[in-house]
Every structure is written in C-alpha cells, then in structure tokens.
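To find a chain, count down the sequence lines: A is the first, B the second, and so on, and within it residues start at 1.
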Amino acid sequence: MGNGRMRIVPGVVVCTLWLSSDALGYLDPGTGSFIFQAVIAVVCGAGLGIKMFWSRIRAAFSRKGKGDSDERSKP
Amino acid sequence: MTDKVDAASFRDPSGFVYGRDGRILRQVNQSYKTHFDGLIESGLYDELVADGLLVSHEEMSLAYAHCGEVAYKVIAPKVVPLISYPYEWCFSAFCDAALCTLEIQRRAMDRGMCLKDASAYNIQFVDGEPVLIDTLSFELYEDGRPWTAYRQFCQHFLGPLSLMSRCDVRLGQLMRVYLDGVPLDLVSSLLPGRTRLNLGLGMHIHAHARAQRRYAGVAARSGERRVSKFGLAALVDSLTLAIRRLTWRPEGTEWGGYYKNTNYAAEDMACKRKLVGDFLSRIEAGTVWDVGANIGEFSRTAMGLGASVVSFDIDPAAVEKNYLAVRAAGERGILPLLIDLTNPSPAIGWANRERGTIAERGRPDAVMALALIHHLAISNNVPLAMTAEYFASLSDRLIIEWVPKTDSQVQRLLATREDIFGEYTQAGFEAAFGTHFETLTSERVGGSQRRLYLMRGVRKA
C-alpha cells in the first residue's frame with residue numbers, strides 16, 4: 001500500500017483500540033483476538049479493496065498509454 | 001503390537017501420530033471425517049502436495065489403527081529426515097515457514113477449506129523447503145467464521161519475527177520459553193515504540209495485544225463476530241505483507257567473517273577439504289551432523305558426496321548465511337540449524353516430552369567436529385572426556401580436528417585468560433577420546449599444526 005491516504009482508515013481504527021482503557025483481568029487472550037479480528041478484517045478488507053481498485057485504474061491507464069505508444073510505433 | 005504414541009500428538013482430537021514397526025503412522029478419527037474428506041475431495045491435498053507445501057501420505061489399511069473403534073483412516077506420512085523447531089531456525093528460514101503457512105491458508109480458502117492451526121511446529125524443512133507436516137490442520141470453511149488460527153499465527157510467527165527483526169535476532173530464542181508462541185503483550189512491550197506507526201505491526205501486534213487485554217474478562221461470543229471471506233483474505237494478505245517487510249542483515253556478529261579470519265593457508269584448506277572428503281567416503285556416511293559448521297563450507301563437501309547434512313552453529317549470522325546459500329543454490333542436502341552445543345535444545349513441553357532434545361530426534365551416521373574442540377575445551381571449559389562422551393552419544397563415527405595449544409587461534413583464546421588447561425595436549429585428547437572411540441586413521445592437515453582424526457565408536461561390554 002504505497003498511497004498515504006490508504007493508511008488513514010486503518011490508522012484511525014488502530015488508534016481507537018490503542019487508546020482504549022485496560023481491562024482488569026488477563027483471562028483469555030483468545031476472546032480479544034476473535035473480537036479484534038472481526039474489526040481488523042474490515043480494515044484490511046477496505047485497504048485491499050482500495051488497493052485492488054487503484055491497481056485497476058493504474059492498469060487501465062498504463063494499457064491506454066501502452067496502446068498509444070504502440071500506435072505511435074506502428075510504421 | 002506395541003505402538004509408541006508421539007508425545008507431542010495429544011492436543012488435537014482429530015487424530016494422532018504413533019510409531020509401529022519402525023513406521024510413522026497417523027490415525028484420523030471419525031470426528032474429523034468430514035474435514036479430512038473435504039481436504040481430499042476439494043483437490044487441496046493434491047495441489048499442496050504437488051507444489052511441495054504439504055507432506056504427502058500413503059493411505060493404510062484400518063488394521064493399522066491404534067484405536068480401531070474411533071478410527072476413520074490411517075495414513076503413513078512421508079518421513080521428515082530431522083524434526084527441527086522454530087528456535088533452531090535462522091531468521092530467513094523462520095520467515096519462509098511463516099509465508100508457507102499463509103500461502104497454505106490462502107490456497108485452502110480458495111478451495112473452501114481453512115487452516116485451524118498455525119503452529120510453527122507444524123512446519124518442517126524438507127529438501128531445503130518449508131512444508132506443512134500436519135495433515136489434520138484443515139477444516140471446512142464456514143462462511144462468516146473468523147480465522148481461529150489468527151492469534152496463534154501472530155504468536156508463533158509475526159511476534160518472534162518482529163522481535164528478531166526490530167530488536168535483536170537472538171530474541172527468537174523466546175520460542176524456547178513459550179511453547180505456544182510469544183505472548184503478544186510481551187512482544188508489544190519489547191518492540192521499539194516507533195513500530196506502533198508501522199501498519200502491519202501496529203495492527204497485528206500492538207493493537208491486537210491491546211484488544212486481548214481489553215477483552216480478557218469478557219465472555220466469548222464468537223458466533224456473533226462475523227468475518228467476510230473477502231475480509232479474511234485481506235487479513236491473510238496483510239499478514240503476508242507484514243512478514244515480507246521484516247528484514248535482518250547478518251552482519252557484525254562473532255563468526256560472520258570467520259573464513260576470512262582463519263589461520264589456514266590456502267593449500268592447507270584444500271588439504272583439509274580433501275581429507276574430510278576421503279574420510280567421509282571411507283565410512284560411506286549417508287547422514288552427517290556438522291557441529292560448529294559455520295557457514296557450511298565442509299557441510300557442502302559432505303553433501304557433494306551424497307550425504308544429507310545438518311549444519312549446526314551457534315551464530316545466527318553464520319546459520320543465516322548458510323541458509324541463504326542453500327536457498328540461492330536450491331541445495332536439497334543441507335539443513336542449517338542454530339544450536340549452541342554447550343547448551344543444546346532441551347526437552348520441553350508437557351512432562352518435558354512434547355519437544356525432544358536434538359539428540360533424541362536423530363542419530364546420524366557420522367558427526368563432524370572441525371575446528372571446534374578448542375572452543376569447547378578452552379572457551380567453555382568443557383573437559384575433553386565430556387566432549388568425547390557426548391559425541392559418542394550422538395553417533396558411532398566421528399571426524400574431528402585436533403587444534404593444538406601452539407596454534408595461533410588457540411593462543412588468541414588464551415591471550416586474555418590463565419592457562420588452566422594442562423590436559424589440553426594431543427596425548428590427553430587421544431586418551432580422552434580413546435575411551436569411547438578407536439582411531440581408524442589420522443592425518444596432519446597440510447603444513448599446519450592441526451590433525452584430522454577418523455574415529456569409530458567402541459562398543460562397551
């Protein structure tokens with residue numbers, strides 16, 4: 001994910017969890033992992049969706065560019 | 001019929017591993033039937049085996065079952081030459097094992113299956129490549145269900161690898177302390193603060209550890225937590241990126257440039273290589289443990305003669321360089337492992353029987369200990385007799401290099417310490433090793449002061 005804007009959404013979610021208060025006990029780390037995963041999968045899904053969308057746009061433009069240059073290179 | 005049930009195979013009710021008549025077998029229980037059939041019928045098993053990601057197996061008659069009443073199938077998996085553990089892997093090998101796990105999960109999801117375990121112990125190195133050895137690690141994918149192995153993956157792979165990459169490569173040894181992977185709160189507290197800004201580590205380690213603390217006392221309602229298939233694929237993609245972005249350069253450690261700093265003349269080195277080759281050919285060793293192998297110079301001599309070699313060294317940089325060379329050349333005959341011979345991998349886990357000592361996991365045809373004896377005897381104060389006894393417990397054949405006190409490398413070791421090593425003489429060495437071995441031949445290494453011995457274990461009455 002090279003685009004800076006694409007880091008904002010996950011950043012906000014990460015910060016929300018990061019700044020949350022401590023729980024009292026440390027009983028079962030698996031529960032937290034399950035709940036956390038449901039949140040983080042949405043974040044990663046959004047990131048991947050944007051990445052796929054962006055790469056299609058880039059591919060479309062590069063195809064067009066390549067097509068133009070191919071046209072120009074024809075005798 | 002006396003089956004020996006594997007001491008590490010008791011956590012999963014899907015089945016278990018046992019040995020019978022010298023064969024390794026795995027019973028698949030009735031309770032796992034639908035998942036096992038899913039693995040086979042989806043084509044996932046064939047795909048993974050064809051691409052070297054999963055160990056192949058042969059289906060056996062149910063007459064081989066250990067508990068016939070609950071058995072669905074009995075399979076005989078292809079035998080892994082030597083089981084190794086994550087705390088014995090160098091950084092890149094550990095990364096490759098992590099990526100192998102994620103690739104298997106990705107392919108499993110494509111075929112309607114899912115990994116239910118992401119234990120680093122389920123990955124082994126065969127012919128230089130990581131491969132999953134637990135055929136019962138799969139389950140049918142249920143739409144919307146979170147990945148049950150996510151936490152385990154972070155604890156077994158991403159956590160220790162991030163510590164090795166961002167703090168100190170030696171922190172991989174934490175895997176030896178924590179059997180089910182390094183707790184994420186510990187990883188989070190050890191990692192530098194700036195890693196909170198790293199997308200992968202910020203999410204999968206720091207925020208993950210925070211969530212574990214936050215929800216520790218909350219009753220699990222996992223059924224209410226849904227994760228879409230696309231979200232799960234994105235999670236695996238994100239973990240893959242996080243692993244790929246971890247790097248470590250093997251520089252600045254004790255042995256990194258060892259072969260540039262030896263006192264061997266070029267012709268003596270060539271002579272040593274020839275002698276090692278001659279000795280190995282004479283005993284026709286099929287499996288060799290090269291202890292103190294450094295970057296595997298002589299392991300390759302053994303491999304060139306057709307031997308399957310395990311290259312042990314204490315230095316993470318040397319093992320890393322050796323592994324990278326194996327990977328670059330596609331060498332199938334060398335397994336580089338990180339082992340401190342003065343404190344080899346202990347037996348750990350339940351009743352100290354889940355993970356065996358290195359000596360319990362294999363017995364090679366020959367042990368090579370080249371340019372090592374002075375480090376054991378002088379740097380670590382291990383008496384020659386105890387070294388001989390330990391080597392005799394490992395193998396019946398030994399190729400060992402004697403390095404006398406007059407050697408410049410030994411003089412370097414003695415430069416800053418009192419010489420309390422009166423027994424460290426050639427006669428003392430031959431006497432100590434003579435208790436356990438008979439010398440078949442010995443040769444001086446070129447024009448150097450060193451001597452190479454080929455020894456055979458003596459049977460005790």
Asker: Please give me the minimum heavy-atom distance between G45(A) and F230(B), naming the atom from each residue.
Answerer: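 So the minimum-distance heavy-atom pair works out to O-CE2, 3.2 Å.
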Asker: Would you mind checking which part of T148(B) comes under 4.5 Å of any heavy atom in chain A, side chain (CB onward), backbone (N, CA, C, O), both or neither?
Answerer: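 Both parts, backbone and side chain.
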Asker: NZ of K51(A) to CG of D237(B): how many Å apart, nearest 0.5 Å?
Answerer: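 With rounding to 0.5 Å, NZ (K51(A)) is 4.5 Å from CG (D237(B)).
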Asker: Minimum heavy-atom separation for Y215(B) to G32(A), with atom names?
Answerer: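 What the structure gives for the nearest pair is CB-CA, 3.7 Å.
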Asker: Rounded to the nearest 0.5 Å, what separation is found between the OH atom of Y150(B) and the CD1 atom of I40(A)?
Answerer: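 Output value for this atom pair is 6.0 Å.
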Asker: Nearest 0.5 Å, please: how far is CD in Q37(A) from NE2 in H208(B)?
Answerer: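 Reported value, rounded in 0.5 Å steps: 8.0 Å.
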Asker: Quick check: do I35(A) and R214(B) have side-chain heavy atoms less than 4.5 Å from each other?
Answerer: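 Not touching, per the 4.5 Å side-chain cut-off.
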Asker: Between Q212(B) and F36(A), does a side-chain contact (heavy atoms from CB on, under 4.5 Å) hold up when you go through it step by step?
Answerer: CA-CA 8 Å; Q212(B) 285 184 336; F36(A) 175 74; over 6 Å; no
Asker: Counting heavy-atom pairs under 4.5 Å to chain A, which of A233(B), A234(B), S238(B) comes out on top?
Answerer: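 Ranked by heavy-atom pairs under 4.5 Å with chain A, first place is A234(B).
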Asker: Atom CG of L199(B) and atom SG of C44(A): how far apart are they, to the nearest 0.5 Å?
Answerer: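 If I round to the nearest 0.5 Å, the distance is 7.5 Å.
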Asker: Are S33(A) and Q152(B) side-chain neighbours, meaning at least one heavy-atom pair lies under 4.5 Å?
Answerer: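 S33(A) vs Q152(B): side chains apart.
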